[in-house]
Number of protein chains: 2
Amino acid sequence: MKTNREWILRRRPEGPCVVDDFEYRESEFVNPALEPGHILVHNSVFLCAPTLRNWMDAPSNSLYPSIDLGAPVLATTAGRVLESTDDRFPVGTRVTMIGHWQKYDVVNSAVWPVRSVPEGQDLIEAMGPMGMNALTAYFGVTAVGRPLAGETMLVSGAAGSTGSVAAQIGKIMGCRVVGIAGGPDKCDWLINELGLDAAIDYRAGNLVEQIHETCPNGVDVFFDNVGGEILQAAVENINKFGRIVLCGQIAGYNESRPVQGPTNMMRFIYGSVRMQGFLLGDYEDELPRAREDMATWINEGRLKHREDVRTGFENIPTVYGEIFTGTNEGTLLIVTDEDAYATN
Amino acid sequence: MKTNREWILRRRPEGPCVVDDFEYRESEFVNPALEPGHILVHNSVFLCAPTLRNWMDAPSNSLYPSIDLGAPVLATTAGRVLESTDDRFPVGTRVTMIGHWQKYDVVNSAVWPVRSVPEGQDLIEAMGPMGMNALTAYFGVTAVGRPLAGETMLVSGAAGSTGSVAAQIGKIMGCRVVGIAGGPDKCDWLINELGLDAAIDYRAGNLVEQIHETCPNGVDVFFDNVGGEILQAAVENINKFGRIVLCGQIAGYNESRPVQGPTNMMRFIYGSVRMQGFLLGDYEDELPRAREDMATWINEGRLKHREDVRTGFENIPTVYGEIFTGTNEGTLLIVTDEDAYATN
């Protein structure tokens, strides 16, 4: 007899989500008869992606999913396929996917993004340096922002899981890269470990001026994970033909109202500025090239990554809350099973 | 002896500009010794472009020029070259340009956009159906918005000089086109004269709902001349991979604060939405193709245009104010000289 473990969305969070917004459940699990194009996955790793917080809100006008109250929490997970009616993911395949905070997880792989993990890679690597945050950074920089060598690229949330990869890819592409982060320790890390050209502590004074000082030639590409005031300050420094990559808006994920947008539309017009949102899924066909580039850069030591690995299925909601307080150091993962470390 | 006539910016307008913000001056004009790359132009036509109002404000962070107090008003004009040190514009050439509210106007044609008017075209045509508003619409639709046949294109300020051309080009490209305008008469004109598929009177009820009703498949391309609440309402209806063309933000030109930007950045992200500003000058190299396309469409009767022609140099500030009250019908021009009607 199998026991399933799951975290249910009990109520919609008000502001930051807290443990009481969720309910832990155990129940007997019997393998279901899968409909066509479905997979049953045994999850071993859970990625704390900020955007999950959006999915916990009531349905809105923002084109993202809304988790039903009483349903398991929709989440970024990795695990091994136990049963399958999808030829792309036979039994035994290890996958990363949009699944749920569940040990045994049935997913419609025809609808939700599921990606197989290549042999030789464990699930930590597949969720970390080669994971969806890292790949999101790759496409955000190379396909959306498209910086040219010599240009100035500014990155918000630069010490975070996605931002740190975006910033380093900017360096690899020959840009002057400036990162924005919270606190002197993170700023030191950006400069001394990642090799960025400058770092801005957003808690340390006027942002518009700090950007102006660290980007004396203006900002050509702004890779934004934060939004709100930081986005506004970047717009005030954006150059003619500047590009703003909208990757995340973490400043507003815990707010009940939509995040404020930038207010200086005239600068967009006279600057011929392009602001563009994107999702990793838009570039599904180009994943092989991305993975090849990323693996090369990692092997050459040009792309550093750090994971902050925690354990215990029972701790998922508590650990998840940390991404909003910024106490994690690197990509925040929760490992719930030793299969996380298998490489085939 | 020549007498120059000019309108000087006497003080910065608060809200809508009024005649007292300007001062009329006459003075003896002696042809100056031109520096290299300059032209002396005798202006005969003045185009009332909404964006001039921005230029009357104090210097800001919005990348557009600010007219000095006591200087002649920077403006879109057309006339004939009287003296020249720029080989591209020999004496006798007729030009459209960013000049000034002046009869005799010295322009640095190496810095400011100047374009020659082809033989056979009078200056009304060069400022109207083939003018900068019309060409701006052309590039905004074809180069920035890039709608595909069968897509839905929404246009704000659709009865205006730029918007009416943008909307018709959308039809020519095979789109379903919906126009937003103020009042039932303009809406009737959009449907019955320009052949749009639907029209929205922005004064007649909830905009988000009106867009939803007239664009049941959502909005693929939004061509925005207005900004503010109209931009926000369009964002709430924008489709996956939608494009927002930022052409103008007339809703805020008379405001002392920057126009509000859209607040739903998450829809930009999950919708992979692109919002892009642009200026006609970005596409200077492609003007010949644009003019050819436009001339073909006009000759085929597929692109209609109306000009609202007024007269009298002394009336410039009064007439200019009408573009913000919407009492003009079509591209608002002020003719100050019979040379406006010459075709070579």
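None of these values were measured; they are calculated from a predicted model. The sequence lines fix the lettering, A, B, ..., with proteins before strands; numbering per chain opens at 1.
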Novice: Go through the atoms of B:I244 and report whether side chain, backbone, both or neither lie under 4.5 Å from a heavy atom of chain A.
Specialist: neither

Novice: Could you have a look at B:V144, B:T51, B:D224 and say which one has the most heavy-atom pairs with chain A under 4.5 angstrom?
Specialist: B:T51

Novice: Looking at CD of B:E236 and OG of A:S62, how far apart are the two atoms once the value is rounded to the nearest 0.5 Å?
Specialist: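 B:E236 atom CD to A:S62 atom OG measures 7.0 Å (nearest 0.5 Å).
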
Novice: Hey, which residues of residues 268-290 of chain B are touching chain A, say heavy atoms under 4.5 Å apart?
Specialist: B:F268, B:I269, B:Y270, B:G271, B:S272, B:V273, B:R274, B:M275, B:Q276, B:G277, B:F278, B:L279, B:D282

Novice: A side-chain contact here means heavy atoms from C-beta on lying under 4.5 Å apart; do B:L63 and A:M266 qualify?
Specialist: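 They are not in side-chain contact.
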
Novice: Between A:G261 and B:M265, which heavy-atom pair has the shortest distance, and what is it?
Specialist: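 Smallest interatomic distance, heavy atoms only, reads CA-CE, 4.0 Å.
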
Novice: Name the region of A:I238, side chain, backbone, both or neither, that has any atom closer than 4.5 Å to a heavy atom of chain B.
Specialist: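 Only the backbone of A:I238 comes within 4.5 Å of chain B.
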
Novice: Taking all non-hydrogen atoms of both residues, which atom of B:N264 and which atom of A:N61 are closest, and how far apart?
Specialist: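 Closest approach of B:N264 to A:N61, heavy atoms only: ND2-O, 3.5 Å.
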
Novice: For B:N54, which atoms come within 4.5 Å of any heavy atom of chain A: side chain, backbone, both, or neither?
Specialist: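 Interface part for B:N54: side chain.
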
